[in-house]
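What follows is a set of notes on a single structure, which appears directly below.
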Amino acid sequence: MPKQGLVVIGQDAACCPGLSAAPLDEDRAAGLGKVFKALGDPVRLRLMSMIASRGAGGEVCVCELTPAFELSQPTISHHLKLLREAGLVDCERRGTWVHYRALPGVLDELAAFLTTTRPAEATA
């Protein structure tokens with residue numbers, strides 16, 4: 001499946017400082033807003049957790065995700081699509097099933113963005 005949405009993660013930390021280092025510009029705020037909106041839904045947050053808990057390079061089949069929820073398969077697929085469009089996960093179709101994986105470093109980069117420690121403070 002093709003990647004969709006805008007890329008807001010994976011940018012150099014030097015050009016894109018953390019939240020407390022400098023005010024966000026309008027474009028970066030809009031991009032990060034989509035990421036946090038995607039994670040702001042309890043179902044999507046649980047899905048992200050289930051996918052990310054597989055570790056680096058780990059994958060999970062949608063057939064393993066759906067039974068964990070009292071939601072229909074199309075609803076789960078919609079939530080997964082929103083996570084994909086936010087740049088948090090990627091997927092690959094294998095036959096009738098789709099396998100999802102967390103994009104490398106995405107959650108680490110979000111955590112770094114949210115940190116209140118500025119680079120100069122971290123070395124002092």
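Below, all heavy atoms of this structure are taken into account, side chains as well, without hydrogens, waters or symmetry copies.
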**Request:** Can you measure from CD (E109) to CG (L114) and round to the nearest 0.5 angstrom?
**Result:** 12.0 Å
**Shortest non-hydrogen contact from G95 toward R93** = O-CG, 3.4 Å
**Item:** Atom of A38, atom of L82 and distance for their closest heavy-atom approach
**Value:** CB-O, 4.2 Å
**Item:** From H99, R101, R54, residue fulfilling side chain to side chain contact (heavy atoms under 4.5 Å, CB included) relative to V60
**Value:** R54
**Prompt:** How many angstroms lie between atom CG of L32 and atom CG of D27, to the nearest 0.5 angstrom?
**Reply:** 11.0 Å
**Request:** State which residues pass side chain to side chain donor-acceptor pair (under 3.5 Å) with T66; sequence neighbours excluded, sorted by chain then number.
**Result:** none
**Item:** R46 and F69: CA distance, side-chain angles, deciding distance, side chain to side chain contact (heavy atoms under 4.5 Å, CB included) verdict
**Value:** CA-CA 10 Å; R46 283 187 61 210; F69 299 89; 3.3 Å; yes
**Asked** Under 3.5 Å, side chain of S53 to main-chain N/O of S49, donor-acceptor pair present?
**Response** yes
**Request:** List the steps, then state whether side chain to side chain contact (heavy atoms under 4.5 Å, CB included) holds for Q73 with S77.
**Result:** CA-CA 6 Å; Q73 185 277 325; S77 292; 2.5 Å; yes
**Prompt:** Do you know which two heavy atoms are closest between C63 and P67, and how far apart they sit?
**Reply:** O-CD, 3.2 Å
**Request:** Decide side chain to side chain contact (heavy atoms under 4.5 Å, CB included) for L88 and I51; before the verdict, give the C-alpha distance in whole Å, the side-chain angles of both, and the deciding distance to 0.1 Å.
**Result:** CA-CA 10 Å; L88 294 164; I51 296 166; over 6 Å; no
**Request:** State, to 0.1 Å, how close V98 and C91 come at their nearest heavy-atom pair, and which atoms those are.
**Result:** CG1-CB, 3.6 Å
**Message:** Quick check for you: to the nearest 0.5 Å, what is the distance between L65 atom CG and L47 atom CG?
**Reply:** 6.0 Å
**side chain to side chain contact (heavy atoms under 4.5 Å, CB included) partner of Y100, chosen from M48, E64, R84, E59** = R84
**Prompt:** Can you check side chain to side chain contact (heavy atoms under 4.5 Å, CB included) on V35 and F113, steps first, answer last?
**Reply:** CA-CA 12 Å; V35 172; F113 171 75; over 6 Å; no
**Complete:** To the nearest 0.5 Å, atom NE2 of H78 lies from atom CZ of R44 at 6.5 Å
